[in-house]
2 protein chains.
Amino acid sequence: MKIQDFPTNSFIVKTADLEARVPEGEQSDLRLWLRLLSCTTLIENEIRSRLRREFKTTLPRFELMAQLSAHPDGLMMTTLSRNMLVTNGNITGITDQLEKEGLVERQRQNHDRRSSVLKLTPEGEKQYQRMAAAHEEWIRGFLGPLCEANKEMLASSLSELKMVAHLQVNTPAQ
Amino acid sequence: MKIQDFPTNSFIVKTADLEARVPEGEQSDLRLWLRLLSCTTLIENEIRSRLRREFKTTLPRFELMAQLSAHPDGLMMTTLSRNMLVTNGNITGITDQLEKEGLVERQRQNHDRRSSVLKLTPEGEKQYQRMAAAHEEWIRGFLGPLCEANKEMLASSLSELKMVAHLQVNTPAQ
DNA sequence: TATTGTTATACTCTATAACTATA
DNA sequence: TATAGTTATAGAGTATAACAATA
């Protein structure tokens, strides 16, 4: 399919060529990183776009609801901020939105009255389930066609990378 | 190292546990995706943060300069928007900033007077080189410790994923 | 007619930091 | 003193869409 076949306006042909800035052939860590980043960004952008178009929502909102759905007993906002890699203040903001829409609720704790536990409301859970089904389908569309061998390799190399990266990132540098 | 050992304020302990929302053990496409996303986001956030702290700049600005540095003859803004996966309007905005700071310049084309070609100025190239050196060092910190075998597996599985994902994304769906 | 780039708008996310209430 | 969460602020990035100039 050629570029010319696509509608032209507000449609980006996704070439994701971050890698284009590294000399051909060279197998550097940088090149590997750019390939990783290209793949992820490509898919992530598409998911953001579909969430917005089909469910009028955003990725952070979706991820927050996903975390809550996986923890029916609720989660502290601090835990959410760690899992989702954003600051406390951001969680407050997203929670405010979702609570106003009746999708999540804060439950004050008696044993520690500083904290509240966040849960999906039944309506929130219902909406989440619809989105999650579509989301999982999308992901299958992206990753499904990979051959089994590659999936396993990806999973295991990423699992090493995850450990290594955590170490790097959480070691107060300098 | 324990959580308690970290400074507490405006410091997020990076656990990147997006994966925590998928049942243990299950080897699904979704789980693989979340692992991919966690790793990338973790590293990407850290890079954004270091770019801001050490060079007072942002990832999109850095990436735009990287693209230009790799193409000394300059690039059309449309090409940039495709490579960087953002819309034309965004490229205009970032370019405006960088041009005002004297780091890039627009060169009007004679043979096609709609388009301009974007180039780094000498000062832009100089600044970019400093940032690129640090950036590459950071990436080596993250990916370097991976064993060779894993790097090769990653590179080849990602290269398949990149193709597959491009297809998925650029095929007008439904 | 299609393409390149600009402009305008509105919104979300984000970091940062000061703050409160509680532990 | 440390922690959980809130508030306020300012800024960047983003999509979207209408637009001008040119091809």
Side-chain angles (χ1 to χ4, degrees), chain A residues 2-13 41 44-53 56-64 74-82 84-99 106-118, chain B residues 2-13 41 44-53 56-64 74-82 84-99 106-118:
Chain A
K2 298 183 306 275
I3 290 179
Q4 290 76 12
D5 297 332
F6 293 114
T8 67
N9 232 354
S10 73
F11 186 93
I12 304 169
V13 177
T41 306
E44 195 183 346
N45 281 1
E46 184 65 19
I47 288 176
R48 284 181 199 276
S49 156
R50 293 185 188 176
L51 280 175
R52 187 168 45 245
R53 197 167 52 233
K56 311 281 178 245
T57 193
T58 64
L59 192 51
R61 287 168 51 115
F62 175 73
E63 278 173 358
L64 194 151
L75 286 177
M76 276 177 44
M77 298 178 76
T78 296
T79 308
L80 281 169
S81 92
R82 284 177 188 155
M84 294 175 57
L85 295 174
V86 296
T87 56
N88 257 341
N90 300 138
I91 296 293
T92 298
I94 297 176
T95 300
D96 287 346
Q97 295 176 18
L98 293 175
E99 192 170 43
R106 290 170 165 96
Q107 291 184 350
R108 259 11 242 213
Q109 299 299 95
N110 283 328
H111 62 279
D112 183 344
R113 301 209 334 270
R114 291 170 304 179
S115 70
S116 47
V117 151
L118 218 60
Chain B
K2 298 186 304 277
I3 291 179
Q4 291 75 14
D5 297 331
F6 292 114
T8 67
N9 231 353
S10 74
F11 186 92
I12 304 168
V13 177
T41 306
E44 194 183 346
N45 281 1
E46 184 66 19
I47 288 175
R48 283 182 200 276
S49 155
R50 293 185 188 176
L51 280 176
R52 188 167 43 244
R53 198 167 53 234
K56 311 281 178 246
T57 193
T58 64
L59 192 51
R61 287 167 52 115
F62 175 74
E63 277 173 358
L64 193 153
L75 286 176
M76 275 177 45
M77 298 178 76
T78 295
T79 307
L80 280 169
S81 92
R82 285 178 188 156
M84 293 174 58
L85 296 173
V86 296
T87 54
N88 256 343
N90 301 138
I91 296 293
T92 298
I94 299 175
T95 300
D96 286 347
Q97 294 175 18
L98 293 174
E99 191 170 43
R106 291 172 163 94
Q107 291 184 351
R108 264 3 247 215
Q109 298 299 94
N110 282 328
H111 61 279
D112 183 344
R113 299 204 340 265
R114 290 171 306 179
S115 70
S116 47
V117 152
L118 218 59

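Naming: A, B, ... by sequence-line order, numbering from 1 per chain. The shown structure was predicted, so the numbers you read here are calculated from the model rather than taken from an experiment.
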* Asked: Given A/T95 and A/L98, is the side-chain contact (heavy atoms from CB on, under 4.5 Å) satisfied, shown in steps?
  -> CA-CA 5 Å; A/T95 300; A/L98 293 175; 5.8 Å; no
* Structure fact -> Note: B/R106 and B/T92 closest approach over all heavy atoms is NH2-O, 3.8 Å
* **Which atom of B/L85 lies closest to which atom of A/T41, heavy atoms considered** => CD1-CG2, 3.7 Å
* **Spacing of B/I91 atom CD1 relative to D/dT16 atom P, expressed in whole Å** => 16 Å
* To do: Give a yes-or-no answer on whether the side chains of B/R53 and B/S49 include a donor-acceptor pair shorter than 3.5 Å.
  => yes
* Asked: Starting at CG of B/L98 and ending at P of D/dA12, how long is that distance when rounded to a whole Å?
  -> 11 Å
* Value in whole Å for how far the C1' atom of D/dA12 lies from NZ of B/K56 -> 16 Å
* Take atom CG of A/L51 and atom P of D/dA15, then tell me their distance rounded to the nearest Å. => 14 Å
* Is A/R106 touching bases, backbone alone, or none of the nucleic acid, heavy atoms closer than 4.0 Å? -> sugar-phosphate
* To do: Name every residue in residues 109-117 of chain A that has at least one heavy atom under 4.0 Å from any atom of DNA chain C, in order of residue number, or write none if there are no such residues.
  => A/H111, A/D112, A/R113, A/R114
* Asked: Whole-Å distance between C/dT22 P and A/R108 CZ?
  -> 9 Å
* To do: Using atom CE of B/M84 as one end and atom P of D/dA15 as the other, report the distance to the nearest whole Å.
  => 12 Å
* Structure fact -> Nearest heavy-atom approach of B/V117 to B/G74 is CG1-CA, 3.6 Å
* Asked: Atom CD of A/E99 and atom P of D/dT6: how far apart are they, to the nearest Å?
  -> 9 Å
Could you go through nucleotides 7-14 of chain C and list every protein N or O atom that sits under 3.5 Å from one of its N or O atoms, giving the distance for each pair?
unit_1 : atom_1 : unit_2 : atom_2 : d
C/dC13 : OP1    : A/T58  : OG1    : 2.3
C/dC13 : OP2    : A/Q97  : NE2    : 3.3

* To do: Drop me the distance from A/R52's CZ to A/T57's OG1, to the nearest 0.5 angstrom.
  => 10.5 Å
